[in-house]
Amino acid sequence: IAVAVAGAGAMGSRVGLYLTQAGQDVVLLDDWQMHVDTVTEHGLKVNTLGETETYPVSIRNFKDYSVPVDLVIVLTKAMAAEEKIKQLMDQGVITEDTNVMSMMNGLGHGDLLRKYIADDKILLAVTMWPAGFNGPGEVTLEGTGNIEFGRIDGTVDNFVKELNDIFNEAKLNGKISDDIVTSIWNKALVNCCFNTYCAVTDKKIGEFGAYVHSDDMLIPLMKEIITVGEQKGAKLDFDATLNKFHAMYSPDVVGLHYPSMHHDIHNGRKTEVDFLTGRVAEYGREFGIPTPYCDILTHLVHQIEK
Ligand code: NAD
């Protein structure tokens, strides 16, 4: 199938490269001309456990691409997604036959897609693959992961089944979700808690967990997110989530890592906080649910964004 990966950063490069290697007709799209030029000239440089390999992939600047595709996978940062979807519609890359999948972290991407795309063409995905962006033309791809996805309304049609086969052939470990809303909120719970706290405290996940009162910081925040998420149809389990969080502190899991929001702050880039705690707070206001932890964390992250 013809696939355009919108956003050729760390994760867009991972997904685009794997699909290319599995023989799909893939183009990566990005705004950063220096990155586009470097990959076009030298290929995509991939670091894995100290080894570097370079692979050919097709990449274009968004503004230079106008070929209709079967599938657009949105992997920009969340705050850039709406503008890029509109641009791809204007340029004829997204037509009424194009499936559009959000694979971004955060909340509210289904609502955004519904503004522009019919329900039977919308796909929502959650990925556990990690990826790092080192600069123009270069990524670090280590570890393992999967892509859980489904239609916004839960329908499992032929395209969903075909795409699952394609993800598996590409070794991206596809899984058709039986409850994509819950999966999205479960990942958002992790990101809302650790991205924000580790960015604000300048700590790795394990360092945050080592603070004797870290649960006193986490529990009220988790409760806000779970209460709001349940109103949005997610089935979230407080005890299981807290146990999962405690397990994450181990150096063998992600204890030695800074979450991506920490990197964004460090690199002077805008964060996705408005799509995490900021979005929970917005939903909370709609439902009349107070979200003081989400409110203050969103403000604190904006305060430290440069
Ligand atoms: P990224 O920062 O690597 O890339 C996003 C965009 O920013 C790309 O278009 C890239 O070209 C651009 N960019 C990066 N650095 C830049 C710079 N210095 N100057 C100008 N442009 C720059 O983002 P990502 O990690 O690929 O994330 C994309 C989406 O995937 C996000 O929603 C993220 O939360 C989600 N996600 C990421 C990971 C991960 O491990 N990276 C895992 C799961 C989900």
Side-chain angles (χ1 to χ4, degrees), residues 4-18 27-40 44-48 57 59-63 65 72-85 87-88 101-110 112-113 124-149 172-173 183-184 186-192 194-196 198-199 205 248 254 257-279 301 305-306:
V5 180
M11 191 52 66
S13 296
R14 162 95 80 182
V15 172
L17 173 65
Y18 282 36
V27 64
L28 289 160
L29 300 175
D30 209 83
D31 270 338
W32 194 4
Q33 191 61 43
M34 198 199 292
H35 178 47
V36 173
D37 291 343
T38 309
V39 175
T40 304
L44 180 70
K45 205 189 241 192
V46 179
N47 295 315
T48 311
V57 289
I59 186 167
R60 299 288 195 82
N61 195 305
F62 273 102
K63 66 178 167 50
Y65 202 70
V72 168
I73 301 176
V74 183
L75 273 166
T76 59
K77 288 286 195 180
M79 45 282 185
E82 180 158 17
E83 189 200 318
K84 290 296 137 196
I85 289 165
Q87 186 178 355
L88 293 177
M101 169 183 272
S102 164
M103 204 181 282
M104 298 173 288
N105 280 333
L107 299 165
H109 305 316
L112 168 67
L113 290 176
L124 299 176
V126 174
T127 182
M128 294 298 164
W129 284 101
F133 194 66
N134 307 334
E138 190 175 328
V139 292
T140 294
L141 303 183
E142 292 172 351
T144 182
N146 66 355
I147 297 174
E148 189 184 336
F149 72 100
L172 284 163
N173 303 330
S183 300
I184 287 171
N186 266 318
K187 179 132 197 233
L189 248 171
V190 175
N191 293 141
C192 283
F194 291 105
N195 271 297
T196 51
C198 292
I205 291 169
M248 285 168 56
V254 286
H257 291 253
Y258 289 109
S260 62
M261 191 177 281
H262 185 279
H263 295 293
D264 290 335
I265 298 276
H266 195 74
N267 296 329
R269 300 183 63 210
K270 292 271 284 174
T271 72
E272 292 181 305
V273 72
D274 288 337
F275 297 84
L276 293 166
T277 48
R279 189 52 60 93
V301 171
E305 282 176 337
K306 295 193 184 71

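Whatever order the structure lists them in is the order used to number ligands and atoms, beginning at 1. These figures come from a predicted structure and were not determined experimentally.
Side-chain contact of Glu148 with Ser183: a donor-acceptor pair under 3.5 Å is present, judged by distance alone.
Closest approach of Gly135 and His35 over heavy atoms only: O-ND1, 4.4 Å. What you find for Leu29 and Phe62 is that their closest heavy atoms are O-CE1, 3.5 Å. In plain terms, the two heavy atoms of Lys306 and Ile265 that are nearest each other are NZ-O, 3.2 Å.
Contacts of Ala81 classified as side chain to side chain contact (heavy atoms under 4.5 Å, CB included), with partners at least two apart in sequence or in another chain: Val74, Thr76, Met104, Leu112.
By the 4.5 Å heavy-atom criterion applied to side chains, Asn105 and Thr127 are not counted as neighbours.
Every protein residue with a heavy atom nearer than 4.0 Å to ligand 1 is included here: Gly9, Ala10, Met11, Asp30, Trp32, Leu75, Thr76, Lys77, Met104, Asn105, Thr127, Trp129, Pro130, Ala131, Phe133, Lys187, Arg269, Glu272.
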